A.B. asks: 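Dumping the structure here so I can ask a few things about it.
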Amino acid sequence: MASSSSEERNHKNASSLIDELQFDMDDDQPMVETSGAEKSLSMKASAEQSDTADEIWRNIENNRVRFPTNRDDRREGLKRTTTLKSPPGAEGEVVVSTTDDSSNQSTPTSPTGTDGGGRDGESSDKEKAGRGSLENKSILKPSPSVGTSLLNLVNEGTGAKASGTENGSPSMMDEAWERLRSSFVYFQKKPVGTLAAVDPSAEALNYNQVFVRDFVPTALAYLMKVPDPEPEIVKNFLLKTLHLQGWKKTIDNFTLGEGVMPASFKVMYDSYQEKDVLKADFGGSAIGRVAPVDSGFWWIILLRSYTKCTGDYTLAEKPEVQKGMKLILNLCLSDGFDTFPTLLCADGCSMIDRRMGIYGYPIEIQALFFFALRCAQQMLKQDTDSNRLIGRIERRITALSYHIRNYYWLDFTQLNNIYRYKTEEYSHTAVNKFNVIPESIPDWVFDFMPLRGGYFIGNVSPARMDFRWFLIGNCIAILSSLATLAQATAIMDLVEERWEDLIGEMPLKIAYPALEGYQWRIVTGCDPKNIRWSYHNGGSWPVLLWLLTAACIKAGRPQIAKRAIELVEQRLSKDGWPEYYDGKKGRYIGKQARKYQTWSISGYLVAKLMIENPSNLAMISLEEDKKIEKPRLTRSASWSCSR
């Protein structure tokens with residue numbers, strides 16, 4: 001009798017653990033009483049399902065990867081990647097844990113850091129059998145708005161076949177690869193990039209060029225390609241853009257900084273020399289005649305991705321590549337009049353390359369700046385000159401992370417603090433350091449901010465806070481570990497809570513909300529392309545899917561990305577892979593959107609490849625820097641109960 005009772009308890013425990021993996025859309029289904037025979041069959045099925053789940057976790061652990069730890073071990077660090085692991089006090093969630101695996105390389109551990117049997121690894125064999133093999137393992141946290149079995153998601157992630165087209169719609173993946181290949185640009189018979197778009201129905205304008213930022217998702221797609229990555233085009237691109245960096249850059253008799261990278265380039269035939277030549281644009285042909293601040297950062301980040309994927313350190317260690325990195329870094333780390341560690345930028349210096357009120361210290365540039373600095377730490381060679389530069393990088397990283405984490409972060413509590421700020425505070429004891437006037441807070445923020453969630457606002461400068469949501473800056477903050485674990489979780493919470501606003505019917509809003517009426521006229525200068533809910537002014541950009549997917553995996557919330565991918569698969573290919581969508585929900589193809597936009601295609605491919613194989617995240621993500629002090633997410637000292 002005792003043995004029978006113990007076995008029944010074991011089966012019940014295993015069954016309850018399997019139930020934790022399931023998420024049903026209909027929570028109101030009536031419960032039906034079952035007979036003894038049915039209960040026996042149910043317990044047997046639960047035990048079999050437990051065995052299946054145990055096999056899934058073994059597959060995940062066999063493919064675990066880890067990220068680099070610190071600058072002192074840069075070369076070895078590039079070989080490490082992440083571990084999907086459950087942190088203390090966060091049961092039922094998968095987050096990216098940053099662990100040093102130097103002492104555990106030959107013996108994989110369970111996701112909780114124990115021997116897999118219990119919390120302290122001291123449970124008896126009978127207790128282990130009773131609880132089943134799933135207890136204390138990391139369980140993917142479901143998105144509240146997604147009705148699907150998490151066990152199926154894990155099966156999809158670990159059982160994806162080499163073709164990379166077994167899930168979703170194989171024909172869409174095949175079409176994407178074919179169209180991506182057709183956009184290749186060749187120079188001296190070698191692929192050096194991809195056209196921005198291949199739309200035969202529209203005038204080429206500058207869409208027949210290779211843009212640095214546009215090429216990044218294409219490069220990642222070919223680095224992640226299964227079964228055989230194709231890094232050659234990435235290497236060629238890195239070297240050609242580096243060559244262009246060395247050109248003398250002049251706009252209206254003014255010479256740009258030596259480290260500026262081009263926004264784009266194209267291959268042209270020189271009839272005089274009777275050969276193909278490269279022609280670069282450093283901002284002189286752009287809409288606003290603004291140099292691209294983000295190009296150099298993306299170049300450093302992509303160089304690290306290439307090194308991480310291929311293990312080819314010879315490229316990063318080439319003297320010309322080392323010099324190119326140093327020119328970019330010296331340009332950004334040069335002394336000036338700033339009292340902040342953030343970079344001062346003009347409007348139109350990034351993906352939002354038109355007048356949209358992002359002048360000052362936009363979050364996208366600051367997050368990319370932080371990401372590039374940390375990537376450079378790993379790739380600069382050890383010598384006297386580099387060591388001095390690395391010291392400057394470390395000091396800037398510390399100051400920049402403190403500034404962004406404290407002054408750009410907004411959640412319900414901080415919004416309430418700002419709402420109650422005092423003004424005209426003097427001396428170093430001031431709490432309202434930027435003298436932000438509470439009356440300047442726009443009305444929409446109070447309705448938009450949920451009790452659960454938060455984000456990095458768009459801009460912070462003297463007497464000015466831009467409270468708009470910008471997706472790129474927030475996702476890059478997660479991937480670079482500029483955002484703390486608590487902040488990354490809050491950003492994902494916000495995306496879930498405001499799904500209809502930020503995702504809508506076609507992912508993803510580049511900025512929210514749109515500028516309208518008088519504000520649109522003043523901020524954009526009546527820009528007819530950036531009308532409300534269009535283009536950069538609240539338009540929906542499918543290319544951003546890869547950034548959201550990477551951030552979701554890093555934050556342990558892949559279900560959010562999976563749902564967004566499913567939305568994209570319903571329309572993107574049928575609509576002809578447009579550049580962007582218009583409308584508050586992203587329902588309509590953009591008014592001036594190009595069809596067969598290359599980064600819309602590659603963004604989808606990268607998102608799919610990462611969902612099918614989360615270890616790909618290692619190419620575009622960094623672990624948390626333990627030396628950087630985390631901000632205290634508590635109420636500001638300006639909070640007062642008295643009036």
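Since the model is a prediction, treat every value here as computed from it, not as a measurement.
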A.B. asks: Check whether the side chains of W577 and E175 place a donor and an acceptor atom closer than 3.5 Å, and report yes or no.
C.D. replies: yes
A.B. asks: According to ring-ring contact (aromatic ring centres under 6.0 Å, His included), does anything in residues 542-570 pair up with another residue at least two apart or in another chain? List the pairs.
C.D. replies: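 Non-adjacent pairs meeting ring-ring contact (aromatic ring centres under 6.0 Å, His included): zero.
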A.B. asks: Enter the distance from I233:CD1 to L238:CG here, rounded to the nearest 0.5 Å.
C.D. replies: 11.0 Å
A.B. asks: Could you tell me if the side chain of Y186 sits less than 4.5 Å from the side chain of V192, heavy atoms only?
C.D. replies: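 Side chain of V192 against side chain of Y186, heavy atoms only: no contact under 4.5 Å found.
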A.B. asks: For a quick check under 3.5 Å, do D575 and Y581 share a side-chain donor-acceptor pair by atom type?
C.D. replies: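 Per modelled atom types, D575 and Y581 side chains form a pair under 3.5 Å.
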A.B. asks: So Y306 and K235, do their side chains get closer than 4.5 Å, heavy atoms only?
C.D. replies: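 In contact.
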A.B. asks: Should the pair W247 and H243 be assigned to parallel (<30°), tilted (30 to 60°) or perpendicular (>60°) ring geometry?
C.D. replies: perpendicular
A.B. asks: Mind checking side chain to side chain donor-acceptor pair (under 3.5 Å) for S386 and listing every partner two or more places apart, or none if nothing turns up?
C.D. replies: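 Checked S386 against side chain to side chain donor-acceptor pair (under 3.5 Å); matches are K326, D383.
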A.B. asks: Are I510 and L471 packed together at the side-chain level, in the sense that at least one heavy-atom pair is separated by less than 4.5 angstrom?
C.D. replies: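 With C-beta onward as the side chain, the pair stays apart.
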A.B. asks: Return the minimal non-hydrogen interatomic distance between Y535 and D353, and the atom names on each side.
C.D. replies: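 It is OH-OD1, 4.4 Å.
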A.B. asks: Give me the atom names and distance for the closest heavy-atom approach of L244 to F282.
C.D. replies: O-CZ, 3.2 Å
A.B. asks: Apply side chain to side chain contact (heavy atoms under 4.5 Å, CB included) to the pair C375 and L303, showing each step before the final yes or no.
C.D. replies: CA-CA 9 Å; C375 288; L303 175 63; over 6 Å; no
A.B. asks: Please tabulate, for side-chain N and O atoms in residues 216-227, each donor-acceptor pair with protein atoms closer than 3.5 Å (sequence neighbours left out).
C.D. replies:
{"residue": "T218", "atom": "OG1", "partner": "S602", "partner atom": "OG", "Å": "3.4"}

A.B. asks: Once you round to the nearest 0.5 Å, how far does CG of D294 lie from CD1 of I352?
C.D. replies: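 With rounding to 0.5 Å, CG (D294) is 10.5 Å from CD1 (I352).
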A.B. asks: Under the rule for side chain to side chain donor-acceptor pair (under 3.5 Å), what residues qualify as partners of Q366, not counting sequence neighbours?
C.D. replies: none
A.B. asks: If we count only N and O atoms by modelled type, under 3.5 Å, do the side chains of K562 and T549 hold a donor and an acceptor together?
C.D. replies: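 On atom types as modelled, these side chains do not qualify, holding no pair under 3.5 Å.
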A.B. asks: In sequence, state the C-alpha distance, the side-chain angles, and the governing distance for F456 and F470, and then conclude on side chain to side chain contact (heavy atoms under 4.5 Å, CB included).
C.D. replies: CA-CA 8 Å; F456 293 107; F470 291 91; over 6 Å; no
A.B. asks: Any chance you could measure I472, atom CD1, to L544, atom CG, to the nearest 0.5 Å?
C.D. replies: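 Nearest 0.5 Å value for the CD1-CG distance: 5.0 Å.
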A.B. asks: Please check if the side chain of T489 supplies one atom and the backbone of L485 the other of a donor-acceptor pair under 3.5 Å.
C.D. replies: yes
A.B. asks: Could you check, using the six-membered ring where one of them is a Trp, whether F237 and F215 have ring centers closer than 6.0 angstrom?
C.D. replies: yes
A.B. asks: With a 4.5 Å limit on heavy-atom distance, are the side chains of K574 and M172 in contact?
C.D. replies: no
A.B. asks: Testing the basics here: between M261 and T241, what is the closest heavy-atom pair and its distance to 0.1 Å?
C.D. replies: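 Scanning both residues completely, I find the closest heavy atoms to be SD-O, 3.6 Å.
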A.B. asks: List the residues meeting side chain to side chain donor-acceptor pair (under 3.5 Å) with Q209, not counting sequence neighbours, and say none if there are none.
C.D. replies: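 For Q209 the side chain to side chain donor-acceptor pair (under 3.5 Å) partners, ignoring immediate neighbours, are S264.
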A.B. asks: Side-chain contact test, heavy atoms from C-beta onward, threshold under 4.5 Å: evaluate it for E317 versus V321 and give yes or no.
C.D. replies: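 No. Closest side-chain heavy atoms not under 4.5 Å.
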A.B. asks: Does the side chain of Q597 come under 3.5 Å of the side chain of Y580 through a donor N or O and an acceptor N or O?
C.D. replies: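 On atom types as modelled, these side chains do not qualify, holding no pair under 3.5 Å.
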A.B. asks: Which heavy atom of M379 sits nearest a heavy atom of M325, and at what distance?
C.D. replies: O-CE, 3.9 Å
A.B. asks: Could you go through the salt bridge (Lys or Arg N to Asp or Glu O under 4.0 Å) check for R181 and E230 one step at a time?
C.D. replies: CA-CA 11 Å; R181 179 78 64 178; E230 298 181 24; 2.9 Å; yes
A.B. asks: Side chains of W177 and L605: closer than 4.5 Å at any heavy-atom pair?
C.D. replies: yes
A.B. asks: Let's go through I393 and L329 carefully: what are the C-alpha distance in whole Å and the side-chain angles of both, what is the deciding distance for side chain to side chain contact (heavy atoms under 4.5 Å, CB included) to 0.1 Å, and is it a yes or a no?
C.D. replies: CA-CA 8 Å; I393 289 173; L329 296 170; 3.8 Å; yes
A.B. asks: Does any part of the side chain of E569, heavy atoms only, come nearer than 4.5 Å to the side chain of K608, both counted from C-beta?
C.D. replies: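 Answer yes - side chains close enough.
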A.B. asks: Can you list the residues that meet the side chain to side chain donor-acceptor pair (under 3.5 Å) rule with D199, with sequence neighbours excluded?
C.D. replies: S201
A.B. asks: Can you give me the closest heavy-atom contact between A367 and A477, atom names plus distance?
C.D. replies: CB-N, 4.0 Å
A.B. asks: Okay, side chain of N236, backbone of P191: is any donor-acceptor separation there less than 3.5 Å?
C.D. replies: yes
A.B. asks: Would you check, one step at a time, whether the test side chain to side chain contact (heavy atoms under 4.5 Å, CB included) holds for V606 with N616?
C.D. replies: CA-CA 9 Å; V606 174; N616 282 324; over 6 Å; no
A.B. asks: With a 4.5 Å limit on heavy-atom distance, are the side chains of T307 and L315 in contact?
C.D. replies: no
A.B. asks: Out of curiosity, S540 OG to M506 CE, how far, rounded to the nearest 0.5 Å?
C.D. replies: 8.5 Å
A.B. asks: Nearest 0.5 Å, what's the NE2-CD1 distance between H536 and I358?
C.D. replies: 9.0 Å
A.B. asks: Regarding E274 and Y269, is there a side-chain donor-to-acceptor distance under 3.5 Å anywhere?
C.D. replies: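 Distance-only check fails for E274 and Y269.
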A.B. asks: Search all heavy atoms of A564 against all heavy atoms of L548 and return the closest pair with its distance.
C.D. replies: CB-CD2, 4.0 Å
A.B. asks: Could you grab the distance from atom OG of S183 to atom CG of L195, nearest 0.5 Å is fine?
C.D. replies: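 CG of L195 is found 6.0 Å from OG of S183.
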